[in-house]
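Every value quoted in this text rests on a predicted model; they were computed, and no experiment measured them. We count residues from 1, following the sequence as given.
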Amino acid sequence: MALRIEPPLPNRPRPVLSPRGLALAVVAIVAVLCGSFGGWPGAVELGLLILLLLPLGWLAAWVSARGLRCERRCPAHVVAGMDTALEVRVENQSRFFDSFAVEIEDSLLPFAHRGISFGWLRPGGILRQTLSTRFVKRGVIREAAFTLRSGFPFGLFTTRFRQTAPVALTVFPRPVVPKRLRHVLDSELFETEEGGSTARDWIGEFRGIRRFQAGDPLKAVHWPATARSGMVMVRERDRPVPERYALVFHSYCPPGALLWPETFENSMELLAGLLKFCGERGVPVDLTASFLEWKTIQAADTSDLIPAMELLARARHEPQSGIGELVKTLRDLPGRHSVFVLSNTPVRLWEDLLPGLPRRVTCLDNADIRIRRPVFRW
């Protein structure tokens, strides 16, 4: 993404006397006054010469800065906590005048590398510099300050102009999957106890043909090999993966419970980690959340994660005093695939309030993981 920042014309750069220039002006005035009353023509001439050169210095400072134009390049989506390359491009669009002693300050850059300076830029010249920055918090950055500063000539004047320019930059939550949760997910990916109702067709590389075993799907039977051997033979492929997962997030907060604000941010990181984990393994995910007004969005694979991650970046914490919407959502979920119920509220405060479901439900918060086995109804 490229963002072009041009100071509004006319005459946006406004040089002002620096402390050094002000001191020089005071010395010149004192020299003129002392020379006039003391009969020292040389002092008067020197003071007048300095006072004459100061306006010329102001004009030089204005001309040096007025042709500068800047462009900021950064990606449209970044992940919190990860290094991101940001390019700053400065161009001197003046046809005749050079630019000197310019310093650029971009608020998107880290404090230690915020200032970019160069001593000289000829007419039509372009300066590019790529720096690494890092965004700590998730969210959407809609504007960022951009400052140009110059001390030309000789530090007598300070030319500074600042503009807040629009930026369309979305910072995704940092994906986090705790080790214990990763173990639960990995074990479920290769679990076959759910059978064909919760697993897709056998996929992956063809391994060979073997004898039929209990639990093999009928569609895997290799009929020509069965006819030749007189025994039921099946095609052996990679193990099945879950049909899909359902992620349900809620912010139910019982009366009297005290939650720190950062717990919601940690939950967004955990949700991002779950989405990324499933996307990398090709498991479709249905995400239903209280901050989405209990609407469901679908993420089929890694390439479809951007809309879901954008929603996580914009999510706002809205605590709920009741658990009715969560219970209704869980009961209305279609299919029999596994469900992950996540909250920024400790599991112990809401796990017992969930209804019994004929499917595997994993309850988790930022610290605890509880697995509820399916409730079979006859």
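- Here ring pair (Phe, Tyr, Trp, His ring centres under 6.0 Å) pairs that include residues 23-42, with residues two or more places apart or in two chains, number zero.
- Aromatic ring centroids of H250 and W350 lie under 6.0 Å apart.
- In this structure, R314 has no salt bridge (Lys or Arg N to Asp or Glu O under 4.0 Å) partners at least two apart in sequence or on a different chain.
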**OP:** Run the numbers on F157 and S18 for side-chain contact (heavy atoms from CB on, under 4.5 Å), then give the verdict.
**Re:** CA-CA 5 Å; F157 293 88; S18 66; 5.8 Å; no
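- In terms of the side chain to side chain contact (heavy atoms under 4.5 Å, CB included) criterion, residue partners of L247 (sequence neighbours excluded) are, by chain and number, L271, L274, L275, V285, L287, F340.
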Original post:
Between R138 and V79, does a side-chain contact (heavy atoms from CB on, under 4.5 Å) hold up when you go through it step by step?
Top reply: CA-CA 8 Å; R138 68 175 181 92; V79 178; over 6 Å; no
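- In this view, D352 satisfies the salt bridge (Lys or Arg N to Asp or Glu O under 4.0 Å) rule with no residue, not counting sequence neighbours.
- For K137, there are no salt bridge (Lys or Arg N to Asp or Glu O under 4.0 Å) partners at least two apart in sequence or on another chain.
- Between I306 and F172 the shortest side-chain heavy-atom distance falls below 4.5 Å.
- Ion pairing between E318 and R316 fails under the 4.0 Å rule for side-chain N and carboxylate O.
- S251 places no side-chain N or O within donor-acceptor distance of the main-chain N or O of P319, the cut-off being under 3.5 Å.
- Under the ring pair (Phe, Tyr, Trp, His ring centres under 6.0 Å) criterion, F249 pairs with F264, F291, not counting sequence neighbours.
- With 3.5 Å as the limit, one finds no donor-acceptor pair spanning the side chains of E265 and H317.
- Taking 4.0 Å as the cut-off between side-chain N and carboxylate O, E91 and R89 count as a salt-bridged pair.
- With respect to the salt-bridge test (charged N to carboxylate O, under 4.0 angstrom), the residues R174 and E269 qualify.
- A donor-acceptor contact under 3.5 angstrom links the side chains of T296 and T288, judged on distance only.
- Annotation: side chain of M309 is not in contact with side chain of K276 (no heavy-atom distance under 4.5 Å).
- Scanning all heavy atoms of the two residues, the minimum distance from L121 to I126 falls at CD1-N, 4.0 Å.
- Side-chain contact annotation: S64 with D98, donor-acceptor N/O pair under 3.5 Å absent.
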